[in-house]
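Below is one structure, written out as structure tokens; comments come after it.
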Amino acid sequence: MLDWYDRHRRTLPWRALPGERPDPYRVWLSEVMLQQTTVATVRPRFEAWVARWPDAASLAAADEAEVMAAWAGLGYYARARNLVRAARAIATDHGGALPDTEEALRALPGLGDYTAAAVAAIAFGRRAVVVDANVERVVARLFRTAGKPAVRAAAETVTPDRRSGDFAQAMMDLGSAICTPRRPKCLLCPLASDCAAHAAGEEEAYPVKPAKKPRPARFGTIFWLEREQADGAREVLLVRRPAKGLLGGMRALPTGPWEDSQPGLSGAPVAADWLMLNQIVAHGFTHFTLELALAVARLDAHSASADGEWWPVDELAGAGLPTVFAKAATAIGRE
DNA sequence: GATTCGTGGTG
DNA sequence: TCACCAAGAAT
């Protein structure tokens, strides 16, 4: 695998070139961004992030609201909150440098078993057994085995003592390009002659995935409340969502409750002359789907105010709205 | 151990 | 079109 990696490794912005020393901050940041997120999505976001916060110290000193806005659209927003928390812990408890052991990394918020092992191995050259979805798939096929404990034990047996970080990245590159979930390219695989699943012709049967539950549908209403400044500039009311839970801590358009049937105008931010648009915004979350009706109203500048933040409509792109609200804003903008 | 956390690409 | 899936973590 290491020979294959030396010939076929991808060049990625967070990855040190051969002979270079990796930057632990960049390795950590990339691993967090890549949690359940594709390389294609992460690449430009990583570049923009490190241009703005180039090291752990700058991130520790950052305004959390700006960090959350910078994460908008990436999903799993607890990752951004935990990045700030971890950066501050690094500043206060570790003298400004990332800890260099798997155990100490694992104690930082947002670093679980996978990420702690990956950073220890890739950034610090520690021997660590790195098991992500790619490694699980490659190892499950190689040994034709099932279940996370068995896969982990098998991964332990094939992880080298030296260059275990390169080994992990090699397995990820292999899983990404060759040992893919569907239609793996076994003719190109350096492990094909050793692969038990390939010998049995059952590559796609591994890894064994649990059955997925159906996603229920929920319904809600987004409230677009607008006011006009004396100079004619339009502003829309934004709110900040509660710190925990879905889209936690993110700037948002006001919504009412999300329920099993359309809740109409309940939960409106103010009593106003709401107009329901003849349009629905559909959005899929991990464990349910959401269909949102759009209600719009206008306040004149002298009427009662509403709780929240008035935001210039033509600057909404800079508000850091999660995708579902960005979709709604686009839909209303077309009206 | 099962749930709850987003989003975009892909076949 | 849509189910599947991704460099998972926290609770």
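Just the heavy atoms: all of them, side chains too, but no hydrogens, waters or symmetry mates, feed the values below. Values in this document were obtained by computation on a predicted structure and should not be read as measured data. Every chain is numbered from 1, with letters handed out A, B, ... down the list of sequences.
- In this model, the phosphate group of C:dC5 is not approached by any side-chain N or O of A:Thr38 to a distance below 4.0 Å at OP1 or OP2.
- Proximity note for A:Lys213 (side chain, C-beta onward) versus C:dA6, B:dG6, B:dT3: the nearest is B:dT3.
- Taking only distance into account, the side chain of A:Thr37 meets the base of B:dG6 through a donor-acceptor pair shorter than 3.5 Å.
- Distance CZ (A:Arg106) to P (C:dA10): 6 Å, rounded to an integer number of Å.
- For the C1' atoms, the distance from B:dA2 to C:dA7 is 23 Å, rounded to whole Å.
- Across B:dT7, C:dA7, C:dC5, the shortest atom-to-atom separation from the side chain of A:Arg10 is found for C:dA7.
- In this structure, A:Glu203 CD and A:His198 NE2 are separated by 6.0 Å, a value rounded to the nearest 0.5 Å.
- Closest to the side chain of A:Leu247, out of C:dA9, B:dT7, C:dA7, is B:dT7.
- Whole-Å rounding puts the A:Glu204 CD to C:dC4 P distance at 13 Å.
- The interatomic distance linking A:His283 (NE2) with B:dC5 (C1') rounds to 12 Å, in whole Å.
- Listed candidates were B:dG8, C:dA7, B:dG6. Nearest to the side chain of A:Ser176 is C:dA7.
- Base contact: A:Thr286 has a heavy atom under 4.0 Å from a base atom.
- Using a 4.0 Å cut-off, some side-chain N or O of A:Gln36 falls inside it from OP1 or OP2 of C:dG8.
- When the nucleotides B:dG11, B:dC5, B:dT3 are ranked by their closest atom to the side chain of A:Arg182, B:dG11 comes out on top.
- The nearest heavy atom of DNA chain B to A:His287 and to A:Ala40 marks one nucleotide each, and the one closer to the 5' end goes with A:His287.
- A:Leu74 comes within 4.0 angstrom of a base, heavy atoms only.
- You won't find any donor-acceptor pair under 3.5 Å spanning the side chain of A:Arg85 and the base of C:dA10, going by distance alone.
- Taking only side-chain nitrogens and oxygens, A:Lys212 comes nearer than 4.0 Å to OP1 or OP2 of C:dC5.
- Between A:Phe285 and A:Phe288, the two ring planes are tilted [angle within 30° to 60°].
- Contact annotation for A:Arg137: backbone-only contact, meaning every heavy-atom pair under 4.0 Å involves sugar-phosphate atoms and none involves a base.
- OP1 or OP2 of C:dA6 has not a single side-chain nitrogen or oxygen of A:Tyr76 nearer than 4.0 Å.
- Across B:dG11, B:dG6, B:dT7, the shortest atom-to-atom separation from the side chain of A:Pro322 is found for B:dT7.
- For the pair A:Arg126 and A:Asp100, the salt-bridge criterion is met [side-chain N within less than 4.0 Å of a carboxylate O].
- Neither OP1 nor OP2 of B:dG9 sits under 4.0 Å from any side-chain N or O of A:Thr41.
- Of the candidate nucleotides C:dA6, C:dA10, B:dT7, C:dA6 has the atom lying nearest to any side-chain atom of A:Lys209.
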